[in-house]
Amino acid sequence: MGKATVMGTFGCQDGRAEEMEAVLAAVVEAASGEPGVEINSYHRGEENTFWFFALMADEESMQSHGHSAAMQAAM
């Protein structure tokens, strides 16, 4: 089975970009210890825009990450 990736962009409400950045930083930190996570990163663009990228060892790792405590808290 091959690697799994996801990337995307989203915006947040005006005045909440700092809060969103803190949530994303916590998710990235928590994911660093998850099995199968090879890359999990975000980038803050202009104003309220964020980009994210994840590379996982396989689809099972991607599914596990999606159901992790860090992701559930972020959602």
Side-chain angles (χ1 to χ4, degrees):
M1 192 165 23
K3 296 186 185 286
T5 62
V6 64
M7 60 186 283
T9 184
F10 63 91
C12 68
Q13 295 174 342
D14 287 341
R16 300 198 67 186
E18 298 298 325
E19 180 182 356
M20 179 58 67
E21 189 162 16
V23 168
L24 291 171
V27 169
V28 167
E29 177 65 28
S32 68
E34 292 178 22
V37 174
E38 296 184 12
I39 299 172
N40 192 19
S41 65
Y42 76 92
H43 171 75
R44 184 174 176 180
E46 293 183 22
E47 297 180 13
N48 298 327
T49 303
F50 291 86
W51 297 84
F52 65 90
F53 175 74
L55 173 65
M56 308 295 181
D58 52 31
E59 185 63 32
E60 184 178 332
S61 298
M62 182 69 76
Q63 294 298 321
S64 294
H65 171 67
H67 294 96
S68 70
M71 286 299 293
Q72 295 303 309
M75 295 300 137

So which heavy atom on [X] is nearest to which on [Y], and how close?
X	Y	answer
Asn40	Ala31	ND2-CB, 3.1 Å
Ser61	Gly36	OG-CA, 3.4 Å
Ala57	Glu38	CA-OE2, 3.5 Å
Arg44	Ala17	NH2-CB, 3.1 Å
Phe53	Ile39	CD2-CG2, 3.7 Å
Ser41	Val28	CA-CG2, 4.1 Å

Which pairs, with at least one residue in residues 4-14 and sequence neighbours excluded, count as a salt bridge (Lys or Arg N to Asp or Glu O under 4.0 Å)?
->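 Output for this query is empty, none listed.
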Is there a side-chain contact between [X] and [Y] in this structure, where contact means two heavy atoms from C-beta onward sitting under 4.5 Å apart?
X	Y	value
Phe50	Leu24	yes
Gln13	Arg16	yes
Tyr42	Glu21	yes

Between Thr5 and Leu55, is there a donor-acceptor pair closer than 3.5 Å when you use the side chain of the first and the backbone of the second?
->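 A pair under 3.5 Å: no.
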Is the backbone N or O of Gly45 less than 3.5 Å from a side-chain atom of Thr49, with the two atoms forming a donor-acceptor pair by type?
->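 Checked: no pair found.
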Who passes salt bridge (charged side-chain N to carboxylate O under 4.0 Å, His left out) against Glu34, sequence neighbours left out?
->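 None.
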[X] [atom1] to [Y] [atom2] distance, which is reported to the nearest 0.5 Å:
X	Y	atom1	atom2	value
Gln63	Glu60	CD	CD	9.5 Å
Met7	Thr9	CE	OG1	9.0 Å
Trp51	Phe10	CH2	CZ	11.5 Å

Could you please spell out the steps behind the side-chain contact (heavy atoms from CB on, under 4.5 Å) verdict for Lys3 and Met56?
-> CA-CA 6 Å; Lys3 296 186 185 286; Met56 308 295 181; over 6 Å; no
